[in-house]
Structure formats: structure tokens, C-alpha cells
Amino acid sequence: MKLFLRIPILLAAGLFFPWLPGCLLKPSTLLTRSFLLSPLPATSPTAASASVGPAIGIGIVKLPDYLMKPSLAVRSGTNEISYLESSLWAERLDTCFQRTLAANLSVLLPTDKIRLSSWSRDEVSCAVYVSVDRFEVNSEGTGTLIAWWRIASRSTGRPPVSGAFQEIQPGPAPSQHPEAVAATLSRLTDRLSQRIAEALHDSQGAGAPRP
């Protein structure tokens, strides 16, 4: 008798909740996209210019913890950060920033002797260190980069030089064009790279930056 009573109950559950089996059998999937910062277009330096260029070390780029999440950050207000959960960095942002900066300097300066993070004392003539305070877009798409840079000489004995960098770049709204976030931040990284290349030229004799 109990078996016959259970059958109508199960049938009724199927009528009122026809979506229930589908939910249980079909797991929800979130389609994600992955992005990288893009460096400046590469040039083709001559072998002579590459051979006389200085060796430059690029230290690990320091980023605040809120930028170390996999998702792209969007500043929603003065004290609020949201994240594009379906738009991810393809690698750690500090690593991506460091590699992009190194690639940019190899384009902007007459050298292809760039070392990342770890080098021996006699491998580089100067080292570049960057600490980032802000590196994100807001809900309208405007990107902001605030950073401090320092150049330490390894061979000339000159005192370190340092400076602050702050710039904004317009862009489309990230909610509609998440791919534009990486493009806007790449332009900001290009501008910082140009400033550091100028400082290397002025203070370390690293050769005139390429136009």
C-alpha cells in the first residue's frame, strides 16, 4: 500500500518541477575568456645595435593583493572593486606585467639583453624595479596606472634614480567589451615602459630610446 501512495507523489513532483531532473543532470558551466597584456610591436634591430646595448635586469613587479586574483578587476567606486568572473588573466598579472615591460624595453632601447628576476652581479649593468599601486579600469572603461619605478646601477656606481608614474587611458565599458580591459591596460604599460626607457637613457647611458 505504501508503494502505491508514493507513485502519485513522485508524479506530482514531476509535474510541478519539470526542470528538476535537467538541473540535476546538466551541470551549469561558465564560459570564460583569458587575456594577456600585449607588448609594443617588435622591431628588427641590427646585430650591431643589439651587441653594444646594455644588459638590463627587470625585477619582479610588485602588485597589490587585490590585483592578484585571476579575474580582471574593475573599480566600481572609490572604495569598491568588482571582478569580471568570466574574464581571466591567462597568467599571474605580476608575471605578465614583468614580461611585457621587458619586451617593451627591448623594443624601445637598442638592446636585446634583458634578464628577468634572477641574475648574477656581473650579468647586468642596471636593474629596474616597479611597484604598482593601481592598475585597473573603472565601470566606464577608463584605465588608471599608478606606479613607482627605480633604476639601480650595477656597474657604474651611480646612485639609483627613481620616479612616480600616473596616467589614465580611455576605453569602452568592460561589461560590454571585456577584451578592451587588457588593451587599455596594455597601453598604460607601454607608457610606463617609455618613461623608464627615457630614464635609462638619461641616467645610465643605455642608448637613445627608439621612437
Side-chain angles (χ1 to χ4, degrees), residues 35-40 54-83 88-109 111 113-121 123-138 142-169 171 181-206 209:
F35 300 96
L36 292 168
L37 297 173
S38 56
L40 291 166
I56 301 171
I58 309 296
I60 296 174
V61 176
K62 295 181 179 180
L63 293 175
D65 287 344
Y66 81 90
L67 289 176
M68 293 302 292
K69 294 181 179 293
S71 300
L72 275 62
V74 175
R75 186 169 290 272
S76 304
T78 303
N79 302 311
E80 182 178 0
I81 297 291
S82 59
Y83 296 91
L88 312 176
W89 290 112
E91 63 179 339
R92 283 170 51 115
L93 186 54
D94 55 350
T95 301
C96 187
F97 197 118
Q98 181 193 32
R99 288 195 309 101
T100 305
L101 175 60
N104 287 346
L105 291 180
S106 69
V107 171
L108 293 167
L109 296 170
T111 181
K113 294 182 286 187
I114 305 290
R115 305 288 185 266
L116 297 180
S117 299
S118 179
W119 54 79
S120 62
R121 185 174 183 85
E123 276 188 304
V124 300
S125 60
C126 56
V128 177
Y129 302 95
V130 175
S131 178
V132 174
D133 184 47
R134 283 184 58 179
F135 189 53
E136 80 275 328
V137 302
N138 62 17
T142 300
T144 301
L145 172 57
I146 301 176
W148 286 261
W149 53 266
R150 182 170 63 91
I151 300 172
S153 174
R154 298 277 177 170
S155 59
T156 64
R158 297 176 181 175
V161 294
S162 60
F165 177 88
Q166 180 172 344
E167 188 161 325
I168 62 174
Q169 285 278 339
V181 176
T184 299
L185 297 181
S186 295
R187 292 195 300 273
L188 288 168
T189 309
D190 295 346
R191 294 291 297 154
L192 174 63
S193 302
Q194 291 165 358
R195 177 66 191 94
I196 293 175
E198 293 168 358
L200 284 166
H201 166 63
D202 294 340
S203 65
Q204 305 292 322

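Since we're looking at a predicted model, the values are computed, not measured.
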- [ ] Please assess V61 against Q98 for the test side chain to side chain contact (heavy atoms under 4.5 Å, CB included), listing each intermediate value before the final yes or no.
- [x] CA-CA 6 Å; V61 176; Q98 181 193 32; 3.9 Å; yes
TODO: Could you go through the side chain to side chain contact (heavy atoms under 4.5 Å, CB included) check for F97 and V132 one step at a time?
DONE: CA-CA 10 Å; F97 197 118; V132 174; 4.1 Å; yes
TODO: Could you walk me through whether I196 and V130 pass side chain to side chain contact (heavy atoms under 4.5 Å, CB included), step by step?
DONE: CA-CA 10 Å; I196 293 175; V130 175; 3.9 Å; yes
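Rounding to the nearest 0.5 Å gives a distance of 6.5 Å between OG of S125 and CD1 of I56.
In this structure, V107 and P39 have side chains that are not in contact, with every pair of non-hydrogen atoms separated by 4.5 Å or more. Contact of the L192 side chain with the W149 side chain is registered, since non-hydrogen atoms from C-beta on lie closer than 4.5 Å. The shortest distance between side-chain heavy atoms of F135 and L93 falls below 4.5 Å.
With sequence neighbours excluded, the residues forming a side-chain contact (heavy atoms from CB on, under 4.5 Å) with T142 are N138, I168, listed by chain and number. For the side-chain contact (heavy atoms from CB on, under 4.5 Å) test, no residue two or more places apart in sequence or in another chain qualifies with T78. Listed by chain and residue number, D122, E123 satisfy the side-chain hydrogen bond (donor to acceptor under 3.5 Å, both in side chains) test with S120 (two or more places apart in sequence, or in another chain). In terms of the side-chain hydrogen bond (donor to acceptor under 3.5 Å, both in side chains) criterion, residue partners of S76 (sequence neighbours excluded) are, by chain and number, S82. Here I146 pairs with D133, R134, T144, W148, Q166 under the side-chain contact (heavy atoms from CB on, under 4.5 Å) rule; sequence neighbours left out.
Of all heavy-atom pairs between C126 and L200, the closest is SG-CD2, 3.7 Å. Nearest heavy-atom pair, L36 versus C96, reported as atom, atom and distance to 0.1 Å: CD2-SG, 4.0 Å. Looking at every heavy atom in both residues, I114 comes nearest to A102 through CG2-CB, 3.5 Å. When all heavy atoms of W119 and G59 are compared, the pair lying nearest together is CH2-N, 3.9 Å. Across all their heavy atoms, V124 and G57 have their closest contact at CG1-N, 3.7 Å. Taking every heavy atom of both residues into account, A152 and Y129 meet most closely at CB-CE1, 4.3 Å.
More than 12 heavy-atom neighbours from other residues, nucleotides or ligands sit within 6.0 angstrom of CD1 on I81.
For residues 88-106, the set of pairs meeting the salt bridge (charged side-chain N to carboxylate O under 4.0 Å, His left out) definition, not counting sequence neighbours, comprises E91-R99, R92-D94.
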Which side-chain N or O atoms in residues 66-73 pair as donor and acceptor under 3.5 Å with protein atoms at least two apart or in another chain?
{"residue": "Y66", "atom": "OH", "partner": "E136", "partner atom": "OE1", "Å": "2.5"}
{"residue": "S71", "atom": "OG", "partner": "E85", "partner atom": "OE1", "Å": "3.4"}

Would you list the atom pairs, donor with acceptor, under 3.5 Å between side chains in residues 182-190 and any protein atom, with sequence neighbours excluded?
{"residue": "T184", "atom": "OG1", "partner": "A180", "partner atom": "O", "Å": "3.0"}
{"residue": "T184", "atom": "OG1", "partner": "R187", "partner atom": "NH2", "Å": "3.4"}
{"residue": "S186", "atom": "OG", "partner": "S38", "partner atom": "N", "Å": "2.8"}
{"residue": "S186", "atom": "OG", "partner": "S38", "partner atom": "OG", "Å": "3.3"}
{"residue": "S186", "atom": "OG", "partner": "A182", "partner atom": "O", "Å": "2.7"}
{"residue": "R187", "atom": "NE", "partner": "Q169", "partner atom": "OE1", "Å": "3.3"}
{"residue": "R187", "atom": "NH2", "partner": "P170", "partner atom": "O", "Å": "2.8"}
{"residue": "T189", "atom": "OG1", "partner": "L185", "partner atom": "O", "Å": "2.8"}
{"residue": "D190", "atom": "OD1", "partner": "N104", "partner atom": "ND2", "Å": "3.2"}

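Checking side-chain atoms of S193 against main-chain N and O of L105 turns up no donor-acceptor pair under 3.5 Å.
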